[in-house]
Amino acid sequence: MLKRILILLILMFLPISAMAQIANEARLNYNKGIDFYKIGQYEKAAEYFREAINISPDFIDAYYNLGSIYEFLEQYQSALPVFEQIFIRQPSDFEAVYKAAYVAYKLGQKEKALQYATAIPKSSSQYNSAKKLISQIKSGGVANPMKVPLQSIDTVTAQNSYLFEGIQGPTGMVTDDLGNLYVACYADNSITKIYTTGQRVIFVKDKRINGPIGLAIDNAGNLYVANYGNNNVLKVTKNGIINILIANIDKPYGLYLKGNMLFISSQGSNSVLRYKLHN
């Protein structure tokens, strides 16, 4: 208790500019982690996410991405305490709670997995996944993996067809000029990128993304997202920078890009909007 009081006293007298500097340094490390994550250098990305956490111990997004890297690499022993730290700091982050449950199950810690899975309420988008996991735990079955190698669907009739599993609420899809696939993950509020090699990464995950559905991409690699839950359209650069392109669209759903014209269907207003993009 004394240690916590001393920390609070230090924070009270810490200049605001110094606190801003700390937050900025944490963000810089976090952004470097994102950059390395996108090019598949996971160990280097994890290093920067850990540094961001060391600088700012309540940096939830850094915890989430660090845990996701460990999970992706199947280093479940390292992933579990990271997701548990999110639960301690932000117990209403049910995406992280589900991941804690899943990773605990992969480690054979069924009681802990049940503890986390049953903490997810019906109102959460993760509820159905948690319910399924609870059923698997109680039946002694094997959980569906979150990361599955590229595999053939039908080796007889579709040699070039593949199945990608474990994508949280897939909705809209689009490919870039190199053939890489981007998938909107409605339940995870993120965009997944699947390379032509089958390698899969989280292209972007941010609090500003809420129920992504339609996707479009331009020749410069900018991604456009119909952000259904926030009633807007987002522009995400190839470097992961997010901006609101169009606000106040009632339930944007489908996107279609033709030249510099972006067409957006609005479910809420039963209309289609045409928007001219500017270089």
Side-chain angles (χ1 to χ4, degrees), residues 20 23-40 45 48-49 52 56 58-69 86 90 93 95-96 125 167-178 180-195 200-257 260 262-266 273 275-279:
N24 186 52
E25 289 180 10
R27 175 61 62 176
L28 287 173
N29 279 277
Y30 174 82
N31 289 340
K32 288 180 181 178
I34 292 292
D35 291 340
F36 280 108
Y37 186 94
K38 287 178 180 177
I39 61 176
Y48 279 107
F49 289 139
S56 181
D58 290 325
F59 200 155
I60 298 299
D61 288 347
Y63 281 107
Y64 187 93
N65 284 348
L66 177 60
S68 295
I69 286 176
I86 299 178
Q90 194 168 302
D93 188 335
E95 294 174 26
S125 60
I167 298 176
Q168 300 295 302
T171 48
M173 298 180 291
V174 71
T175 57
D176 60 21
D177 290 341
L178 298 177
N180 302 308
L181 177 68
Y182 298 81
V183 183
C185 303
Y186 187 89
D188 192 44
N189 293 324
S190 65
I191 309 296
T192 290
K193 181 177 181 180
I194 303 174
Y195 290 90
R200 187 168 76 199
V201 300
I202 298 175
F203 176 67
V204 63
K205 179 179 175 64
D206 190 275
K207 293 179 180 179
R208 287 168 289 184
I209 299 177
N210 182 18
I213 297 184
L215 297 179
I217 195 166
D218 63 22
N219 293 331
N222 298 307
L223 187 69
Y224 302 92
V225 182
N227 206 24
Y228 190 87
N230 280 355
N231 295 315
N232 58 29
V233 173
L234 300 176
K235 177 181 178 181
V236 185
T237 71
K238 61 183 179 180
N239 295 321
I241 299 173
I242 301 175
N243 288 297
I244 296 176
L245 180 71
I246 312 171
N248 301 320
I249 299 181
D250 194 0
K251 296 181 175 61
Y253 197 87
L255 296 184
Y256 175 71
L257 182 60
N260 66 343
L262 180 65
F263 298 86
I264 308 103
S265 64
S266 167
L273 170 70
Y275 181 88
K276 186 175 182 179
L277 300 174
H278 302 282
N279 296 329

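Position 1 is the first residue of the sequence; numbering continues from there.
Applying the side chain to side chain contact (heavy atoms under 4.5 Å, CB included) rule to Lys207 yields the partners Asp61; only residues at least two apart in sequence or on another chain are considered. In terms of the side chain to side chain contact (heavy atoms under 4.5 Å, CB included) criterion, residue partners of Ala220 (sequence neighbours excluded) are, by chain and number, Asp218, Asn222. Qualifying salt bridge (charged side-chain N to carboxylate O under 4.0 Å, His left out) partners for Asp176, counting only residues two or more places apart in sequence or in other chains: none. Every residue meeting the ring pair (Phe, Tyr, Trp, His ring centres under 6.0 Å) condition with Phe59, not counting sequence neighbours, appears here in chain and number order: Tyr30. For Tyr186, there are no ring pair (Phe, Tyr, Trp, His ring centres under 6.0 Å) partners at least two apart in sequence or on another chain.
In this structure, Ala62 and Ala52 approach most closely via the heavy-atom pair CB-CB, 4.2 Å. Contact record, Tyr275 with Ile264: CB-CD1, 4.1 Å, taken as the closest heavy-atom pair. Taking both residues in full, the closest heavy atoms of Gly214 and Leu255 are given as O-CD1, 3.5 Å, listed atom of the first, atom of the second, then distance. Thr175 and Ile217 get closest at one heavy-atom pair: O-CG2, 3.3 Å. Across all their heavy atoms, Val204 and Gly240 have their closest contact at CG2-O, 4.5 Å. Minimum interatomic distance between Leu215 and Ala184 (heavy atoms only, all atoms of both residues): CD1-N, 3.5 Å.
For the atom pair OG of Ser68 and OH of Tyr63, the computed distance is 14.5 Å after rounding to the nearest 0.5 Å. With rounding to the nearest 0.5 Å, the separation of CD in Glu95 from OG in Ser125 is 6.0 Å. Once rounded to the nearest 0.5 Å, the distance linking CG of Asn227 with CG of Asn232 reads 4.5 Å. The structure places CD1 of Ile194 at 10.0 Å from CG of Asn180, a figure rounded to the nearest 0.5 Å. A distance of 11.5 Å separates CD1 in Ile86 from CG in Asp58, rounded to the nearest 0.5 Å. The CG atom of Leu223 sits 13.5 Å away from atom NZ of Lys238, with the distance rounded to the nearest 0.5 Å.
The closest side-chain heavy-atom distance from Tyr224 to Leu277 is below 4.5 Å. A heavy-atom distance below 4.5 Å is found between the side chains of Pro212 and Asn189. Looking at heavy atoms from C-beta onward, Phe49 lies in side-chain contact with Ile34 at the 4.5 angstrom threshold. In this structure the side chain of Leu178 never reaches within 4.5 angstrom of the side chain of Tyr195, judged on heavy atoms. Using a 4.5 Å cut-off on side-chain heavy atoms (C-beta onward), Phe203 and Val236 make contact. Between Leu257 and Val174 the shortest side-chain heavy-atom distance does not fall below 4.5 Å.
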Show me the side-chain donor-acceptor pairs of residues 242-254 shorter than 3.5 Å, one per line, residues at least two apart or across chains.
none

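Of the possible polar contacts, none joining the Lys205 side chain to the Asn65 backbone as a donor-acceptor pair under 3.5 Å is found. Between the side chain of Asp206 and the main chain of Arg208, a donor-acceptor pair closer than 3.5 Å is present.
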